[in-house]
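In what follows, a structure is listed as structure tokens, so that the remarks can point back to it.
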Number of protein chains: 2
Amino acid sequence: MSDITSPELPDAAGEGPLSYAIFQLARAHRGHAAAMLRAMNLHPGQELLLMQLFDHDGLTQGELLERVGLDHSTVSKSLRRMQDAGLLTREPAAHDRRVMVVHLTDAGRDLKEPIADMWRSLEKISVRGLTADQVQAFIGWARVIEKTVRDHSRRPPAE
Amino acid sequence: MSDITSPELPDAAGEGPLSYAIFQLARAHRGHAAAMLRAMNLHPGQELLLMQLFDHDGLTQGELLERVGLDHSTVSKSLRRMQDAGLLTREPAAHDRRVMVVHLTDAGRDLKEPIADMWRSLEKISVRGLTADQVQAFIGWARVIEKTVRDHSRRPPAE
DNA sequence: ACCGATTGTGTGGCTAGCCAAGTAATTGCT
DNA sequence: AGCAATTACTTGGCTAGCCACACAATCGGT
């Protein structure tokens with residue numbers, strides 16, 4: 001339906017516009033998010049961590065990275081920068097001094113509504129061109145693709 | 001771990017799983033591409049530039065960045081690293097010594113088939129969970145979302 | 001011709017994100 | 001108890017990607 005024909009795309013290079021579409025979509029989406037986040041002195045990715053903390057203050061770093069799915073080093077560095085920015089604190093847990101418990105500061109909590117607004121705005125814009133059903137289908141398929149790709153990443157490429 | 005199914009997602013934080021789905025899909029997809037590219041000593045993003053050159057050797061840096069849509073500084077640095085790796089050459093054009101003409105070396109050309117294979121493989125895997133119609137619909141909607149977001153990025157946020 | 005505007009690239013500086021290696025604390029096995 | 005394995009996190013090193021600034025070559029108007 002509609003025009004999926006698409007005039008110029010790197011067809012000649014490969015014949016898979018799906019990967020290309022994912023790449024371009026993610027870049028545009030991320031770019032727009034970055035622009036909105038900049039107004040709050042945040043960087044893309046940080047809002048995901050903060051959103052987890054808004055709902056579950058006091059999470060450990062490990063629980064945090066499990067929820068967002070990023071590399072532990074990425075989370076560590078990102079949290080450090082946010083700590084330097086005064087948005088949160090990190091202290092070793094009493095019962096296990098390896099784990100770092102993350103708590104929001106007042107400044108961090110103040111970002112809850114702005115981030116929620118920005119998130120809603122981003123969502124509203126992203127969804128504008130599609131019907132609700134299409135959006136739901138899109139999300140479902142995105143998860144299917146993600147899962148498929150992830151499963152293949154785990155497995156050794158013994159294909 | 002193991003079950004990253006979909007039970008808990010940051011619903012409480014915002015109610016827009018679309019943005020989250022895009023983010024996670026892109027990350028998984030990019031990660032898988034990165035793993036395959038690593039075998040060729042490439043980094044994600046470089047294959048896009050190379051694919052353009054496979055079909056249009058002798059492009060200028062400006063034409064190249066226009067096709068992939070990245071920032072000129074990103075392209076500049078990425079090309080420099082690929083030049084250092086011996087994959088391509090950059091020389092100022094005769095008629096306009098500002099523009100840099102990019103040419104593949106033999107080593108660069110040798111990557112054409114490996115990259116095409118990798119791209120096809122990535123595509124095949126990504127598509128595995130969906131029907132052909134679903135894939136086409138997904139791509140079409142992805143482009144719609146991308147366009148919508150991009151249009152809103154251009155406009156000042158005078159909403 | 002001249003000099004300001006524009007164009008095409010390069011560089012610096014920042015964060016995101018990954019992998020690999022290192023460190024400290026806890027657990028577990030003997 | 002003691003010591004190896006595991007766990008939680010940190011650090012270093014690399015590239016991608018952006019923005020802002022700098023620079024050289026070309027274009028344009030007078």
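We name chains A, B, ... by the order of the sequence lines, and we start the count at 1 in each one. Note that this is a predicted model, so its numbers are computed, not measured.
- Taking only side-chain nitrogens and oxygens, Arg81(B) never comes nearer than 4.0 Å to OP1 or OP2 of dC14(D).
- Between Gln46(B) and dA16(D), a side-chain N or O to OP1/OP2 separation shorter than 4.0 Å is present.
- As a whole-Å value, the separation of His95(A) NE2 from dT7(D) C1' is 13 Å.
- Between dT15(D), dA16(C), dG17(D), one nucleotide has an atom nearer to the side chain of Arg30(B) than all others, and that is dG17(D).
- Residue-environment remark: CD (Glu66(B)) stays at or below the threshold of 12 foreign heavy atoms within 6.0 Å.
- The separation between Leu37(A) atom CG and dA16(C) atom P is 10 Å, rounded to whole Å.
- The pair Asp117(B)-Arg120(B) meets the salt-bridge criterion, with a side-chain N (NZ, NE, NH1 or NH2) lying under 4.0 Å from an Asp/Glu carboxylate O.
- By the 6.0 Å contact criterion, CD on Glu91(B) is open, its count of non-hydrogen atoms from other residues, nucleotides or ligands being 12 or less.
- Using a 4.0 Å heavy-atom cutoff across all strands shown, Pro92(A) reaches no nucleic acid atom at all.
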Quick one: what's the B/S/- string for nucleotides 1-11 of chain C, heavy-atom cutoff under 4.0 Å, read 5' to 3'? ------BSBBB
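- Of the candidates dG17(C), dG17(D), dT15(D), the closest approach to any side-chain atom of Thr74(B) belongs to dG17(D).
- In this structure, His32(A) atom NE2 and dG17(D) atom C1' are separated by 18 Å, rounded to whole Å.
- Of the possible donor and acceptor atoms, none in the side chain of Thr60(B) sits under 3.5 Å from a partner among the backbone N and O of Val101(B).
- A donor-acceptor pair shorter than 3.5 Å can be found between the side chains of Arg128(B) and His152(A).
- The distance between atom CG of Leu70(A) and atom C1' of dA16(C), rounded to the nearest whole Å, is 9 Å.
- Between Gln83(A) atom CD and dC9(D) atom C1' there is a gap of 13 Å when expressed in whole angstrom units.
- To the nearest angstrom, P of dT11(D) lies 13 Å from CG of Leu79(A).
- Distance, Arg38(A) CZ to dG17(D) C1': 12 Å, rounded to whole Å.
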Which atom pairs, donor and acceptor, lie under 3.5 Å between side-chain atoms of residues 70-79 of chain B and protein residues at least two apart or in another chain?
{"residue": "Asp71(B)", "atom": "OD2", "partner": "Ser73(B)", "partner atom": "N", "Å": "2.9"}
{"residue": "Asp71(B)", "atom": "OD2", "partner": "Ser73(B)", "partner atom": "OG", "Å": "2.5"}

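- Separating the CG atom of Leu59(A) from the C1' atom of dA8(D) is a distance of 15 Å, rounded to the nearest angstrom.
- Counting only distance, with no hydrogens or angles, the side chain of Arg27(B) and the backbone of Gly69(A) share a donor-acceptor pair below 3.5 Å.
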